[in-house]
S.K.: 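Sharing a structure here in structure tokens format.
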Protein chains: 2
Amino acid sequence: MAHSRQDRRWARRKEARPAELISAALDLFVERGFAATRLEDVAARAGVSKGTLYLYFPSKEDLFKAVVRGGIVPAIERAEKQFEVHRGGAGELIRQLVKGWWTSVGNTRLGGIPKLMISESGNFPELAQFYHDEVISRGHRLVAAAVQRGIDTGEFQPVDVNYAMRLVIAPLWLLTVWRFSFGQCDRQQLDPVAYLDLHVDLILRGLGAAAEPAMVGEQRPGLRSAPRPTAGTTINSAAGRK
Amino acid sequence: MAHSRQDRRWARRKEARPAELISAALDLFVERGFAATRLEDVAARAGVSKGTLYLYFPSKEDLFKAVVRGGIVPAIERAEKQFEVHRGGAGELIRQLVKGWWTSVGNTRLGGIPKLMISESGNFPELAQFYHDEVISRGHRLVAAAVQRGIDTGEFQPVDVNYAMRLVIAPLWLLTVWRFSFGQCDRQQLDPVAYLDLHVDLILRGLGAAAEPAMVGEQRPGLRSAPRPTAGTTINSAAGRK
DNA sequence: TATATTACTGACTGATTGGTCAGTTACGCC
DNA sequence: GGCGTAACTGACCAATCAGTCAGTAATATA
């Protein structure tokens with residue numbers, strides 16, 4: 001044997017390198033932003049030299065693209081599946097989509113990508129377009145379809161779906177973006193799950209068919225206010241947790 | 001006379017320089033981000049040379065601070081005045097605060113600053129802290145106080161004000177951030193005023209005291225659903241505009 | 001007009017870093 | 001064992017740009 005394991009200065013690992021480089025790049029891009037991340041650091045974190053990085057990615061920009069492509073697209077596809085499978089009220093669907101987003105994006109390392117994309121969109125219009133077409137517009141379509149379904153069944157009021165959809169996702173944007181920007185400045189840590197719960201409670205209540213006196217008796221089963229515990233308790237459940 | 005107006009290569013304008021430099025820097029920082037903005041370009045846009053810029057601002061970072069200080073802080077102070085002066089329901093107060101934000105920040109050049117701060121917060125923790133203390137936490141306090149007032153008067157349900165406050169402002173963040181990130185990618189232009197109107201309609205409806213059958217008869221005067229035109233019409237007013 | 005003051009200029013420097021490539025070394029194959 | 005291939009290294013190059021400063025010219029003052 002020419003080398004013991006310790007002697008070996010490096011090993012050939014052609015298959016593993018790209019994923020390891022992308023993972024390292026995700027960490028550093030999210031942590032420092034695109035411009036402030038040095039490729040030498042990315043390479044070092046992946047356990048290789050800068051030259052090796054350039055064997056797999058022709059430029060810094062291409063590495064950036066690979067990070068975005070690899071991380072987010074699968075998540076949106078899972079959400080689309082979730083939508084197709086769902087049987088039940090639109091309100092419950094929206095609740096589940098929000099929850100799914102939290103577990104598969106918001107609460108993972110991927111949560112840094114939205115903020116990263118916002119920050120760098122100006123300097124990479126082409127990449128912004130890609131992200132918009134491949135992720136954002138699909139997400140928008142999904143949520144808009146859920147809202148539309150609620151309107152069609154009479155569960156929601158006939159609002160403009162395009163605006164309502166944006167109001168549904170706005171707090172999700174804020175949550176991720178916040179964590180990677182002013183998260184450190186905020187002394188009080190808020191519980192993301194409680195925050196999202198309250199958001200869904202409020203927005204569904206806001207969207208819900210008017211609770212006019214005449215309608216109280218003939219509320220549809222899907223309507224949010226009845227099936228869950230007392231509205232006050234539910235909405236206020238956020239207050240209990242620290 | 002030594003020089004005609006055309007001959008003169010430059011003029012002494014000590015008083016005007018800082019404001020002009022800050023204005024130029026605001027444009028370029030918003031357009032390109034902090035790292036990608038070259039000070040030579042800022043100086044050129046302000047009609048001076050790079051050396052002059054350094055006569056007024058000791059470093060790029062200090063210039064950045066000056067941009068933030070000069071632009072946003074006065075706006076938040078105006079909002080605080082608005083709060084103190086207001087007489088009327090909490091719902092109407094929130095509506096006015098949102099409207100005021102739109103006219104004095106969202107719909108002006110200053111609208112780019114929130115996105116700028118989000119993007120650069122990671123690389124300038126000290127500045128992020130400054131912005132957080134001087135702008136964000138004051139804005140939070142303001143909106144939280146408005147929500148609290150609504151709860152105290154019984155106009156709103158007893159939700160956790162800290163979470164509700166964030167839900168009130170989330171769509172405002174999204175609106176400004178969007179314009180300076182994916183705004184170009186979006187083919188459909190949405191009307192910000194209609195968007196904000198719908199937001200306020202929905203969130204106030206969501207926050208509103210429960211319209212339980214028993215309570216319908218004894219709604220307080222401040223309650224949102226009755227005083228405005230039919231809920232359906234109002235909420236849907238967004239749909240009408242293009 | 002002459003002189004002093006200082007706002008302003010712009011070429012320069014030093015540090016950083018994206019990207020290159022000639023050389024080195026692991027490893028498959030005979 | 002030894003040979004060929006290609007994965008990998010790291011010193012190097014070139015471009016960029018924040019920040020400097022010796023010099024220039026506008027203006028105040030006398």
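Residue numbers start from 1 in every chain, and the chains themselves are labelled A, B, ... in the order their sequence lines are given, proteins ahead of strands.
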S.K.: For B:Arg138 and B:Asp133: C-alpha separation, side-chain torsions, deciding distance, then whether salt bridge (Lys or Arg N to Asp or Glu O under 4.0 Å) applies.
M.R.: CA-CA 7 Å; B:Arg138 284 168 76 175; B:Asp133 296 345; over 6 Å; no

S.K.: Using whole Å, report how far CD of A:Glu15 lies from P of C:dA26.
M.R.: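 Spelled out: CD on A:Glu15 to P on C:dA26 is 19 Å.
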
S.K.: Within the structure shown, what part of the strands sits under 4.0 Å from B:Tyr56 by heavy-atom distance: base, sugar-phosphate, or nothing?
M.R.: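 Sugar-phosphate contact only - B:Tyr56 comes under 4.0 Å of backbone atoms but never of a base.
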
S.K.: Nearest to the side chain of B:Ser49 - C:dA7, D:dA7, C:dG10?
M.R.: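 Ranking C:dA7, D:dA7, C:dG10 by closest atom to the B:Ser49 side chain puts C:dG10 first.
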
S.K.: Rounded to the nearest Å, what distance is computed from the CD atom of residue B:Glu61 to the C1' atom of nucleotide D:dC17?
M.R.: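 Answer to the nearest Å: 16 Å.
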
S.K.: Tell me the interatomic distance from A:Asp41, atom CG, to C:dT17, atom P, rounded to whole angstroms.
M.R.: 8 Å

S.K.: Whole angstroms only, please: what is the CG-P distance between B:Leu39 and D:dT20?
M.R.: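 For the pair B:Leu39 CG and D:dT20 P, the rounded distance is 11 Å.
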
S.K.: Does B:Leu55 reach a base, just sugar-phosphate, or nothing at all? Heavy atoms under 4.0 Å.
M.R.: base

S.K.: Please state how far atom CZ in B:Phe34 lies from atom P in D:dC17, giving the value in whole angstrom units.
M.R.: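 In whole Å, D:dC17 P and B:Phe34 CZ are 13 Å from each other.
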
S.K.: Does a distance-only test, which skips hydrogens and angles, find a donor-acceptor pair under 3.5 Å between the side chain of B:Lys50 and the base of D:dA18?
M.R.: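 By the distance-only test, yes, there is a pair.
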
S.K.: Please pick, from D:dA25, D:dT9, D:dA18, the nucleotide with the shortest atom-to-atom distance to any side-chain atom of A:Trp10.
M.R.: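 That would be D:dT9.
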
S.K.: Counting side-chain heavy atoms from C-beta on, which of D:dT9, D:dA6, C:dT5 comes nearest to A:Thr52?
M.R.: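 Looking only at heavy atoms from C-beta outward on A:Thr52, the closest nucleotide is D:dT9.
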
S.K.: Look at the rings of B:Phe124 and B:Phe34 and say which category their plane angle falls in: under 30° parallel, 30 to 60° tilted, over 60° perpendicular.
M.R.: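 The arrangement is perpendicular - the two ring planes meet at more than 60°.
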
S.K.: Once you round it to whole Å, what is the distance between C1' of C:dA15 and CZ of A:Arg38?
M.R.: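 Atom CZ in A:Arg38 sits about 12 Å away from atom C1' in C:dA15.
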
S.K.: Counting side-chain heavy atoms from CB outward, which of C:dA26, C:dG10, C:dT20 is closest to A:Tyr54?
M.R.: C:dT20

S.K.: Give a yes-or-no answer on whether the side chains of A:Arg109 and A:Ser23 include a donor-acceptor pair shorter than 3.5 Å.
M.R.: yes

S.K.: Do A:Arg12 and D:dT5 share a donor-acceptor pair, side chain to base, under 3.5 Å?
M.R.: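 Present.
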
S.K.: Is the phosphate of D:dA26, meaning OP1 or OP2, less than 4.0 Å from a side-chain N or O of B:Arg8?
M.R.: no

S.K.: On DNA chain C, compare the nucleotides closest to B:Glu40 and B:Ala11; which residue's is nearer the 5' end?
M.R.: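 Checking each residue's closest nucleotide, the 5'-ward one belongs to B:Ala11.
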
S.K.: Are any of the side-chain heavy atoms of B:Thr176 and B:Trp101 separated by less than 4.5 Å?
M.R.: yes

S.K.: Distance check needed: D:dG19 C1' versus B:Asp62 CG, whole Å only.
M.R.: 13 Å

S.K.: Map A:Leu53 and B:Thr37 onto DNA chain D by nearest heavy atom, then report which one ends up closer to the 5' terminus.
M.R.: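 Going by which nucleotide is closer to the 5' end, it is A:Leu53.
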
S.K.: Confirm from the modelled atom types if B:Arg9 and D:dA25 form a donor-acceptor pair under 3.5 Å, side chain to base only.
M.R.: no

S.K.: Expressed in angstrom and rounded to an integer, what is the separation of B:Lys60 atom NZ from D:dT16 atom P?
M.R.: 15 Å

S.K.: Within 45 degrees of the axis of the six-membered ring of B:Phe130 and under 6.0 Å from its centre: does B:Arg69 put its NZ or CZ there?
M.R.: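 Relative to the ring axis of B:Phe130, which defines the angle, B:Arg69 lies inside both limits.
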
